[in-house]
Enquirer: 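Quick one: the structure is below, questions incoming.
Computation of the quantities below employed the complete heavy-atom set of this structure, encompassing side-chain atoms and omitting hydrogens, waters and symmetry-equivalent molecules. Since we're looking at a predicted model, the values are computed, not measured.
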Amino acid sequence: MTSATKTRIAWAELPAQVRATVEEILGDRVVEAVSQPGGYSPGTADRVRTAGGRRAFVKAVSPAQNDRSPHMHRAEARIAAALPPYAPTPRLLGSHDDGEWVALVFTDVDGRHPATPWLATELAAVLTALAAMAAALTPTPVAAVPTAAEQLGYDFAGWRRIAADPPADLPPWARARLPELCAAADRGLAALAGDTLCHLDVRADNLLVGADGTVSVVDWPWACRGPSWLDTVLLLVNVRLHGGHDTEALLRDLPLTAGVEPAALTGVLAGLAGFFLDSARQPPPPGIPTVRAFQRAQGEALLPWLAERLG
């Protein structure tokens, strides 16, 4: 299931002043820009090279592409600027915000997205990196972020919105257990306390694996304060979507999740499933036509897992 937007603009389409500001940040003229696949922002996502050979990654967007995307870029700029050097993520070199266009300039990471379906070696490397990241980012080094419960409160009420207006194609198993799914999501939301800086959007297209196996986690607009195991659970949702691995065994055996109350983990999976299925029935956001199909696929991948865990 591809997550790439189909309407992404390119470096050459940015206003001249935005390109000029990026070049000021880099201290040189950009002579090459290669658009990158993956993700959902309809703005630019370019690996650039300057006349002197410096490389960087540039992302920029305006409300003309999507009215929410500039807000997300501003949130990411604040968070990226506050991330410590030891966080496994590209460094923010500078940003531009003229009230319409928001551009972020990062160090370039010489890496690629993990293959999907997930390769066992890459999955092991990413799981190890997430465990190290959780340890390094506890307590959170960025104070000015919402809690995970605040960030996910509306999302985890998805089953209640579905119960109030069930879609005709809702699987019979889920339709018959809507009260239980609502209650499970409530338990999941209550379990999100913690003091780890969580990425909250960990999936293959927000990860880069270098030739030496080093893992970088990119795109931090949703960062929040929550439990150390949350990003690992989110990764396993992506693994479940693409298939090929026993996610239940991973959830049971991984050090970060092995000691977590099973009902809490089930609740988080229920909350995510309700969010994905509820969001998938909404009209696609401007400039992001593929996101609803991706959300639906994630929700449908989670339902059998929930059925197993709920019995």
Enquirer: Could I get the full list of side chain to side chain donor-acceptor pair (under 3.5 Å) partners for S69, not counting sequence neighbours?
Expert: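 So S69 forms a side chain to side chain donor-acceptor pair (under 3.5 Å) with N66.
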
Enquirer: Give me each pair satisfying side-chain hydrogen bond (donor to acceptor under 3.5 Å, both in side chains) with a member in residues 80-95, each pair once, sequence neighbours excluded.
Expert: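 Passing the test, one end in residues 80-95: T89-W220.
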
Enquirer: Using a 3.5 Å distance criterion without hydrogens, assess whether the side chain of E13 forms a donor-acceptor pair with backbone atoms of A10.
Expert: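 Present.
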
Enquirer: For the residue pair T196 / T138, report whether a side-chain donor-acceptor contact shorter than 3.5 Å exists.
Expert: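 T196 and T138 do have a side-chain donor-acceptor pair below 3.5 Å.
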
Enquirer: Would a hydrophobic clustering, with Ile, Leu, Val, Met, Phe, Trp and Tyr connected at side-chain separations under 4.5 Å, put L208 with W222?
Expert: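 Different clusters: L208 never reaches W222 through Ile, Leu, Val, Met, Phe, Trp or Tyr contacts under 4.5 Å.
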
Enquirer: Does the H113 side chain pair with the main chain of L207, one donor and one acceptor, at a distance under 3.5 Å?
Expert: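 Looks like yes, one N/O pair under 3.5 Å.
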
Enquirer: Restricting to pairs with a member in residues 102-111, which pass side-chain hydrogen bond (donor to acceptor under 3.5 Å, both in side chains), not counting sequence neighbours?
Expert: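 Non-adjacent pairs meeting side-chain hydrogen bond (donor to acceptor under 3.5 Å, both in side chains): R47-D108.
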
Enquirer: Hey, is the main chain of A204 close enough, under 3.5 Å, to the side chain of N238 for a donor-acceptor pair?
Expert: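 It does hold such a pair.
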
Enquirer: Compare all side-chain heavy atoms of N206 with those of H199 and state whether any distance is below 4.5 angstrom.
Expert: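 N206 vs H199: side chains touch.
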
Enquirer: For A120, enumerate each residue passing the side-chain contact (heavy atoms from CB on, under 4.5 Å) test, keeping only those at least two apart in sequence or located in another chain.
Expert: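 If we apply the side-chain contact (heavy atoms from CB on, under 4.5 Å) test to A120, skipping adjacent residues, the hits are H245.
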
Enquirer: Are any side-chain N or O atoms of R292 and backbone N or O atoms of R281, one a donor and one an acceptor, separated by less than 3.5 Å?
Expert: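 No, the answer is negative, given that no donor and acceptor are paired below the 3.5 Å cut-off.
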
Enquirer: Is the backbone of T44 close enough, under 3.5 Å, to the side chain of R8 for a donor and an acceptor to pair up by distance?
Expert: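 No, the answer is negative, given that no donor and acceptor are paired below the 3.5 Å cut-off.
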
Enquirer: When clusters are formed by joining ILVMFWY residues with side-chain heavy atoms under 4.5 Å apart, either directly or through shared neighbours, do V126 and V217 land in the same one?
Expert: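 Yes, V126 and V217 fall within the same hydrophobic cluster.
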
Enquirer: Evaluate side-chain contact (heavy atoms from CB on, under 4.5 Å) for R203 paired with F294, printing each intermediate quantity in order.
Expert: CA-CA 12 Å; R203 57 180 196 249; F294 186 55; 4.0 Å; yes

Enquirer: Are L92 and F57 co-members of a hydrophobic cluster defined by side-chain heavy atoms under 4.5 Å apart?
Expert: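 F57 clusters together with L92.
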
Enquirer: Could you state the interatomic distance from CG (L236) to CG (D246), rounded to the nearest 0.5 Å?
Expert: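 L236 atom CG to D246 atom CG measures 10.5 Å (nearest 0.5 Å).
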
Enquirer: Any luck finding a side-chain donor-acceptor pair between T147 and Q151 under 3.5 Å?
Expert: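 Per modelled atom types, T147 and Q151 side chains form no pair under 3.5 Å.
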
Enquirer: Output the distance between atom CG (L83) and atom CD (E76), rounded to the nearest 0.5 Å.
Expert: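 Going from CG on L83 over to CD on E76, the span is 9.0 Å.
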
Enquirer: So which heavy atom on L178 is nearest to which on A163, and how close?
Expert: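 Answer, listing the atom of L178 first, then A163: CD1-CA, 3.9 Å.
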
Enquirer: Could you tell me whether R29 and E24 have a side-chain N and a carboxylate O separated by less than 4.0 Å?
Expert: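 No, R29 and E24 are not salt-bridged.
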
Enquirer: Measure from the side-chain N and O atoms of R187 to the backbone N and O of C182, and report whether any donor-acceptor pair falls under 3.5 Å.
Expert: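 It does not hold such a pair.
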
Enquirer: Pairs in or reaching into residues 167-179: which pass side-chain hydrogen bond (donor to acceptor under 3.5 Å, both in side chains), with residues at least two apart or in two chains?
Expert: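 Applying side-chain hydrogen bond (donor to acceptor under 3.5 Å, both in side chains) to every pair that reaches into residues 167-179, excluding sequence neighbours, yields D169-R296, R177-E180.
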
Enquirer: For A103 and A60, which heavy atoms make the closest approach, and how far apart are they?
Expert: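 Heavy-atom minimum between the residues: CB-CB, 3.7 Å.
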
Enquirer: What residues form a side-chain contact (heavy atoms from CB on, under 4.5 Å) with T247, not counting sequence neighbours?
Expert: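 With sequence neighbours excluded, T247 shows a side-chain contact (heavy atoms from CB on, under 4.5 Å) to V239, R240, W305, given in chain and number order.
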
Enquirer: If the condition is side chain to side chain donor-acceptor pair (under 3.5 Å), which residues does D219 pass it with, not counting sequence neighbours?
Expert: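 With sequence neighbours excluded, D219 shows a side chain to side chain donor-acceptor pair (under 3.5 Å) to K59, given in chain and number order.
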
Enquirer: Using atom types as modelled, flag every donor-acceptor pair under 3.5 Å from a side chain in residues 127-136 to any protein atom, sequence neighbours excluded.
Expert:
unit_1, atom_1, unit_2, atom_2, d
T128, OG1, A124, O, 2.9

Enquirer: If every non-hydrogen atom of A56 is compared with every non-hydrogen atom of L93, which pair is closest and at what distance?
Expert: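 Closest heavy-atom pair between A56 and L93: CB-CD1, 4.4 Å.
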
Enquirer: Give the minimum heavy-atom separation between L303 and P171, together with the two atoms involved.
Expert: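 That would be CD1-CG, 3.6 Å.
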
Enquirer: Are L170 and F275 co-members of a hydrophobic cluster defined by side-chain heavy atoms under 4.5 Å apart?
Expert: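 Looking at the clustering, L170 is in the same group as F275.
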
Enquirer: Are more than 12 heavy atoms, taken from residues, nucleotides or ligands other than R68, located less than 6.0 Å from that residue's CZ atom?
Expert: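 Atom CZ in R68 is not crowded, with 12 or fewer foreign heavy atoms closer than 6.0 Å.
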
Enquirer: For side-chain contact (heavy atoms from CB on, under 4.5 Å), just list the numbers for D201 and D231, CA-CA rounded to whole Å, side-chain angles, deciding distance to a tenth of an Å, and then say yes or no.
Expert: CA-CA 7 Å; D201 199 18; D231 282 337; over 6 Å; no

Enquirer: Only counting residues at least two apart or in another chain, list the ones meeting side-chain contact (heavy atoms from CB on, under 4.5 Å) with R252.
Expert: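 Partners of R252 under the side-chain contact (heavy atoms from CB on, under 4.5 Å) test: E248, A249.
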
Enquirer: So if you build clusters from Ile, Leu, Val, Met, Phe, Trp, Tyr with side-chain heavy-atom gaps below 4.5 Å, do W101 and M72 land together?
Expert: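 Hydrophobic grouping puts W101 apart from M72.
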
Enquirer: Does the side-chain contact (heavy atoms from CB on, under 4.5 Å) test come out yes or no for L310 and L181, once each step is laid out?
Expert: CA-CA 9 Å; L310 290 171; L181 289 166; 3.9 Å; yes

Enquirer: Rounded at 0.5 Å granularity, tell me how far CG in L306 sits from CG in L269.
Expert: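 Atom-to-atom, L306:CG and L269:CG are 6.0 Å apart.
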
Enquirer: Is the backbone N or O of R309 less than 3.5 Å from a side-chain atom of T266, with the two atoms forming a donor-acceptor pair by type?
Expert: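 Checking the backbone N and O of R309 against the side chain of T266, no donor-acceptor pair under 3.5 Å is found.
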
Enquirer: Hey, could you give me the CD/OG distance between E100 and S62, rounded to the nearest 0.5 Å?
Expert: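 One gets 5.0 Å once the value is rounded to the nearest 0.5 Å.
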
Enquirer: Any side-chain to backbone donor/acceptor pair from E32 onto V30? Under 3.5 Å, distance only.
Expert: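 Checking the backbone N and O of V30 against the side chain of E32, no donor-acceptor pair under 3.5 Å is found.
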
Enquirer: To the nearest 0.5 Å, tell me how far L197 CG sits from C224 SG.
Expert: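 Rounded to the nearest 0.5 Å, the CG-SG separation comes out at 7.5 Å.
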
Enquirer: Taking ring-ring contact (aromatic ring centres under 6.0 Å, His included) as the definition, give me every residue that meets it alongside W159, ordered by chain and number, with sequence neighbours left out.
Expert: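 Result, ring-ring contact (aromatic ring centres under 6.0 Å, His included) vs W159: none returned.
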
Enquirer: Please identify each residue that fulfils side-chain contact (heavy atoms from CB on, under 4.5 Å) with D28, with sequence neighbours left out.
Expert: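 Counting only residues at least two positions away or on another chain, D28 forms a side-chain contact (heavy atoms from CB on, under 4.5 Å) with T50, A51.
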
Enquirer: Would the distance check show the side chain of E122 and the main-chain N or O of A115 forming a donor-acceptor pair, the cut-off being under 3.5 Å?
Expert: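 Yes; at least one donor-acceptor contact below 3.5 Å.
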
Enquirer: Decide whether a cation-pi geometry holds between R161 and Y154; the criteria are a distance under 6.0 Å from NZ or CZ to the six-membered ring centre and an angle within 45° of the ring axis.
Expert: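 Yes, a cation-pi geometry.
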
Enquirer: If you measure from CG on L251 to OG1 on T257, what distance do you get to the nearest 0.5 Å?
Expert: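 With rounding to 0.5 Å, CG (L251) is 4.5 Å from OG1 (T257).
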
Enquirer: Which heavy atom of F156 sits nearest a heavy atom of L192, and at what distance?
Expert: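 Answer, listing the atom of F156 first, then L192: CE2-CD1, 4.3 Å.
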
Enquirer: Output, in order, the C-alpha distance, side-chain angles, deciding distance and verdict of side-chain contact (heavy atoms from CB on, under 4.5 Å) for F106 and V218.
Expert: CA-CA 10 Å; F106 291 93; V218 302; over 6 Å; no

Enquirer: Look only at the side chain of D46 and the backbone of A33, and say whether a donor-acceptor pair between them is shorter than 3.5 Å.
Expert: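 Side chain of D46 to backbone of A33, a donor-acceptor pair under 3.5 Å: no, none is there.
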
Enquirer: With H73, which residues qualify under ring-ring contact (aromatic ring centres under 6.0 Å, His included), at least two apart?
Expert: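 With neighbours one apart ignored, the set is empty.
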
Enquirer: Quick check: do W11 and V22 have side-chain heavy atoms less than 4.5 Å from each other?
Expert: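 Touching, per the 4.5 Å side-chain cut-off.
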
Enquirer: Mind listing the closest non-hydrogen atom pair of L104 and A77 along with its distance?
Expert: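 What the structure gives for the nearest pair is CD2-CB, 3.5 Å.
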
